[in-house]
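In what follows, a structure is listed as structure tokens, so that the remarks can point back to it.
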There are 4 protein chains.
Amino acid sequence: MAPSTFPPRAARPAGARLVDRTDPLTTTLVRAGGVVVGGTEVIVAAGPCAVENEAQLVRTAMAVKAAGARLLRGGAYKPRTSPYAFQGLKEEGLALLAIAREVTGLPVVTEVMDVRQLPAVLAVADVLQIGSRNMQNFTLLEEVGRLRRPVLFKRGMSATLDEYLLAAEYILKGGNDQVILCERGIRTFEPSTRSTLDLNAVPMLKHRTHLPVIVDPSHGTGHAWMVPALSRAAIAAGADGLLIEVHDDPAAALSDGHQSLTPQAFAELTRSLDAIAVAVGRTSQSAPFPEPLA
Amino acid sequence: MAPSTFPPRAARPAGARLVDRTDPLTTTLVRAGGVVVGGTEVIVAAGPCAVENEAQLVRTAMAVKAAGARLLRGGAYKPRTSPYAFQGLKEEGLALLAIAREVTGLPVVTEVMDVRQLPAVLAVADVLQIGSRNMQNFTLLEEVGRLRRPVLFKRGMSATLDEYLLAAEYILKGGNDQVILCERGIRTFEPSTRSTLDLNAVPMLKHRTHLPVIVDPSHGTGHAWMVPALSRAAIAAGADGLLIEVHDDPAAALSDGHQSLTPQAFAELTRSLDAIAVAVGRTSQSAPFPEPLA
Amino acid sequence: MAPSTFPPRAARPAGARLVDRTDPLTTTLVRAGGVVVGGTEVIVAAGPCAVENEAQLVRTAMAVKAAGARLLRGGAYKPRTSPYAFQGLKEEGLALLAIAREVTGLPVVTEVMDVRQLPAVLAVADVLQIGSRNMQNFTLLEEVGRLRRPVLFKRGMSATLDEYLLAAEYILKGGNDQVILCERGIRTFEPSTRSTLDLNAVPMLKHRTHLPVIVDPSHGTGHAWMVPALSRAAIAAGADGLLIEVHDDPAAALSDGHQSLTPQAFAELTRSLDAIAVAVGRTSQSAPFPEPLA
Amino acid sequence: MAPSTFPPRAARPAGARLVDRTDPLTTTLVRAGGVVVGGTEVIVAAGPCAVENEAQLVRTAMAVKAAGARLLRGGAYKPRTSPYAFQGLKEEGLALLAIAREVTGLPVVTEVMDVRQLPAVLAVADVLQIGSRNMQNFTLLEEVGRLRRPVLFKRGMSATLDEYLLAAEYILKGGNDQVILCERGIRTFEPSTRSTLDLNAVPMLKHRTHLPVIVDPSHGTGHAWMVPALSRAAIAAGADGLLIEVHDDPAAALSDGHQSLTPQAFAELTRSLDAIAVAVGRTSQSAPFPEPLA
């Protein structure tokens, strides 16, 4: 495989960190299955917040694929604020993700919360997700730095961009440069949204680092009806992709239903992204043929 | 003039505030000179942070008009954090704005900080700007509520959207519904930008109120190089327009030079907005013919 | 009257601002009536959020005096988030404050929101209060800078301490050094309290400026039951005084009842302050003799 | 040993969480070595941010003991923002902590970052510290919930108090009620301090939970010179103790030197706490006899 960054590491200026951008144009290409994040195409990862059962997952996975998603996301291990909330299907959820990948061909993104979960997650995940609450779980970062599996690495809820890049540096320092950054909303005083999606972060991160940057408007707003507007805004701001929660019956979801799109709303969203992507010199893949979703 | 809102006030549901959206589609049209904010066209207001002298202002005004700006912004009374910073040209600045309007035909947006400045500002301003620091200067809001002049009303730096709408209500309660809301960045923990531009506010405000919503990416980021990306994002998020600082020699600007675009960069920006506007069902007016700006 | 600061202005280091501390020990003494803020004695200003009627005000004023308050606070002009909330008794409220001062001998602290209110407020107020929302109402600051009346100047809800001191500089620059700073809580992500009282601000402000610093735990927490603990903490942190809301019937208060102490709770609080004050080398004046409050 | 909470769990109201306060007076007593946290005595844990070598640690431990500290804190595993910063002495640091405990008799508080470190840390730690960055490392919380070792559990930098208590619930749910909460500063917009120490949290947490609450003014301010004022404020606000960084040569410290007190400054601080503790009905243990520190 061709080197994913330019210039090669040996040519880095003294003092530069591994995450630092050293030329104005290059973005590191992160390859997961046949999908490339950081290239011309805007990549959408979509799926349920939590894997709940095979029917839900496969139906959702097929629908998001039909609508243009290139990666399937779904949580098997779920970090939940309350110990009394649904904690995910764990190993069983991983097995269902493997089935959904088999059926759809979509590479799978799923979260790992703990080094002890790594063997099981590595058996299934095409991309390891490290969540906001673990952004400074440095021993976990060091472990995934030793791997060569792509990492979708979310910004912490109150992490400055400097702290975020230094945390990513823990992964790159181990030799793994296949890191996708993900802005997912920050903590502010505003109570009407779950978080405040920080789209300033997109051009600022692209300015400072060669790593691709995607945006999660589902957590960033907490309201499904706001996701399309902010998805379009994220692409217009220069994001390399999106991470979107889709559930085939949001009202019945075991977690985060209020911020999950229906498959139909997701298909409408991806269609609306094409023109935005083109307007900023990118492409996107919405449903390529008349699909029977409605 | 036709009523600018629908349904008429008499038909409002009991308990609704005047700012509240009462039907899903209507946006109040704010008319300033021949320009309409809140319609299909995305409106760009541009100009220097502070009016400095006639040559600077007229050159900049002509350049932003040529590039598609529909309103001229420029500060005569400047609220400055330090009492030792340049405080604006005051009445002299207003006179220069009148000249620039005469030369370009662009309606003028300029800030009023104090009720005692109102007579002088009203003699020149097509749109009264009320700045972030005065968002809860309730006696000033009541005064402009009694006028029938349009108001560009900026969100306070740590105002919740509820507080912002209640502050706008002070203006509408007086009988003046010609209010343009403006997101300009909020206070967060992130130090790399001057403020954190909150694009969540765009769909949330559009959801709650019939007033048009524009975005100020110059203050929202504090970095001129970030303004184009976030301008495009704002329009993609559904904003009705932009407020952008342009200076013909940013390095020599008496205030906010680091966040001011050159006329050339501004022209490139407006050109890039057209496709974004179309992608979200709007129009925009960039330079309509090859202009000799460069 | 003896000069209130040392060293005299002429001796200031080049580049120092007027607010800057230039020696480690001196605090500017602010004199209001016979009361001195910034000396050894911890000063408590107390009274209702809003003046409502003569009976309420006089009863409360007598009670807070009996419990050790040295200044009477009460709002006649009230900045309210909603235009539909009680806006204060205005001139009538000022007249009632004059009566309460006559009855109790306590100097009066009351808010001025607008330069046009200054003549009426100056006729009654021993100390002019400038509220958080007006911290950067620079034209108002310039006006009170031209006066020689003491100013109780509250920190803005999201003002950095640098911005706060620069805003105070607007007052001192006009020649009025009789400024009392007041920390009243800042905006954070925490929803369980109205604001987050920032007691870091006390030692940091005392370190940087010679102006006296008091603390408002009523607004800083929004819960009457939290006020005693944070009042004690403020004095332990080095504050020169407190600003506390007291209402003789909090449940019936027209504004901020939930954060107002009863006179009895206030008397218990002031008694508890004595030992804290002594522990940090200060004095305080709680009820000096058995009073019939209970 | 007597039950540490009252009423016994069986008597909890339906719906109450294990962390919830169910009567107004009881505080869970956390016992570490012979030390009790949550009783009448204000407990001070002190020591270096990071264990660096035996001489430094033993000197510091003896000095803090002489000055009244009841627990020795010291980091062997250090979570550091940058991967290029000193990461702690790890197992070697634990061995030095064991020596310092042997010499001084002080029970040891030290951080565990990862479940894999637990066996080594459990061999030495009298109290397991879980740091801010791991407040929502739920798998780690579940592991320490299964133990019967006391836990010093720090609030996350942007955790609401609700989230904090729900995270503590993960530990109690496993059967371990020996949890000490620790406010250590939150993320706000204020740049002059490392964090904003949130003393609102002290009465609010004491109101909601039966767990003892201590305060870390070293991280909460980031400036050694601010630590004494905020330590006194914390005790006055009702905290059950303090966690303070002390280094025998702060200028040479490998981490956080700017916020570390010298042993002499620490001894002055503890002496100043006695009167504050008494003023709020507590006791504290400063140097009980003339010591040769100065």
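Proteins come first, then strands; the chains are lettered A, B, ... in the order of their sequence lines, and each starts at number 1.
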List the atom of Pro83(D), the atom of Leu166(A), and the distance in Å for their closest heavy-atom pair. CD-O, 3.5 Å
May I ask you to name which of Glu163(A), Arg116(A), Lys173(A) has the most heavy-atom pairs under 4.5 Å with chain D? Arg116(A)
Give the interface residues of residues 128-146 of chain A toward chain D, defined by a heavy-atom separation under 4.5 Å. Arg133(A), Asn134(A), Gln136(A), Asn137(A), Phe138(A), Thr139(A), Glu142(A), Glu143(A)
By side-chain contact (heavy atoms from CB on, under 4.5 Å), which residues pair with Asp126(A), not counting sequence neighbours? Arg101(A), Pro107(A), Val108(A)
For Tyr170(D) and Gln87(A) the tightest heavy-atom approach is OH-NE2, 3.2 Å
Is chain D contacted by the side chain of Tyr77(A), its backbone, both, or neither, given a heavy-atom distance below 4.5 Å? neither
For Ala159(D) versus Arg187(A), what's the shortest heavy-atom pair and its separation? CA-NH1, 4.1 Å
Less than 4.5 Å to any heavy atom of chain D: does that hold for the side chain of Thr188(A), its backbone, both, or neither? neither
